[in-house]
Amino acid sequence: MKIAIISDIHVKKTDEESYDFLMRFMSEKKVLESDFIIFLGDIFDLMVGGHKEYIEYYSEFFEALKLLLMANKKVFFFEGNHDFHLRSLFSYFLEKNVLDKSLFSYVSDGISLKIGEKNYYFSHGDDIELGNYSYKIYKSIVRSRLLKMVANDLFSFSFMQRLGSRVSENSKQRNSKKYKESNFNKVIKEKFIRSAEAFYKRSLPQKRYDYIICGHSHQKEFYKSQEGFYYLNNGFALKTKTFIFIENHSPEFIKLM
Ligand SMILES: [Mn+2]
């Protein structure tokens with residue numbers, strides 16, 4: 001059993017490097033050999049609402065997705081905090097191309113998957129994060145049905161594109177300020193490890209996870225807990241230039257050149 005996982009590319013069409021990276025992932029030999037292909041959130045920056053224009057705008061991505069599904073791959077697309085409310089867009093895409101809907105899963109939160117003898121938990125990662133209450137309030141608002149309606153019906157596709165470039169410009173500025181603080185990365189890394197440990201303990205005794213696999217923190221991680229589970233994170237893909245590949249329950253980071 002082979003699994004390929006990618007997250008946090010933050011693709012913008014105006015940023016060629018980001019879109020190239022996504023397309024390279026989707027044509028990479030190890031990905032094409034995989035049984036499960038998992039997009040673990042924040043693949044796009046920003047993609048919100050059921051606008052059909054996205055299919056044309058990112059036609060190379062949707063064409064590659066179609067080929068994966070036609071090759072009988074199981075594909076999971078997780079919502080991130082930069083790409084969400086896309087369920088109706090993907091349903092439309094699957095129907096239009098007469099693709100097997102049972103192969104494609106659109107996931108809003110986290111999911112448990114039992115693969116062979118092992119228990120996996122996959123999520124974008126913001127669901128397990130400890131603290132960060134202002135973010136949680138923000139998320140509950142943007143995930144609400146009201147915003148879904150607003151994003152789909154009230155705001156046009158071009159409005160969303162303009163909003164997207166403004167939001168990412170702002171967050172870039174915020175982040176560059178944060179990254180300058182000397183131990184910012186270390187603090188975030190430790191926090192997400194604590195978050196994974198706490199999530200593992202909360203899940204007991206119903207679930208005893210072997211692997212907790214997330215994105216979101218932008219901190220690359222291959223952490224083995226004393227509790228016996230692994231917490232994996234591919235980090236910010238354009239920086240790490242890797243994806244996660246798991247073969248027979250043995251994970252590794254693969255360079256994507
Ligand atoms: Mn995120």
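Sequential numbering from 1 along the given sequence is applied to the chain's residues. Counting starts at 1 for both ligands and their atoms, in listed order.
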Query raised in the report: Salt bridge or not for E227 and R208, using N-O below 4.0 Å?
Result: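 Looking at R208 together with E227, the answer is no, because their closest N to O distance does not fall below 4.0 Å.
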Exercise for review: Mind reading off the angle at the Mn ion (ligand 1) between the OD1 atom of N81 and the NE2 atom of H124, rounded to 10°?
Suggested key: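 Reported to 10°, the angle equals 90°.
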Are a donor atom and an acceptor atom from the side chains of [X] and [Y] found within less than 3.5 Å of each other?
{"X": "Y135", "Y": "E129", "result": "no"}
{"X": "N233", "Y": "Q219", "result": "no"}
{"X": "D83", "Y": "Y54", "result": "no"}

Looking at H216, the N/O/S atom that lies nearest to the Mn ion (ligand 1) is called ND1
For the Mn ion (ligand 1), the nearest N/O/S atom on D42 is atom OD2
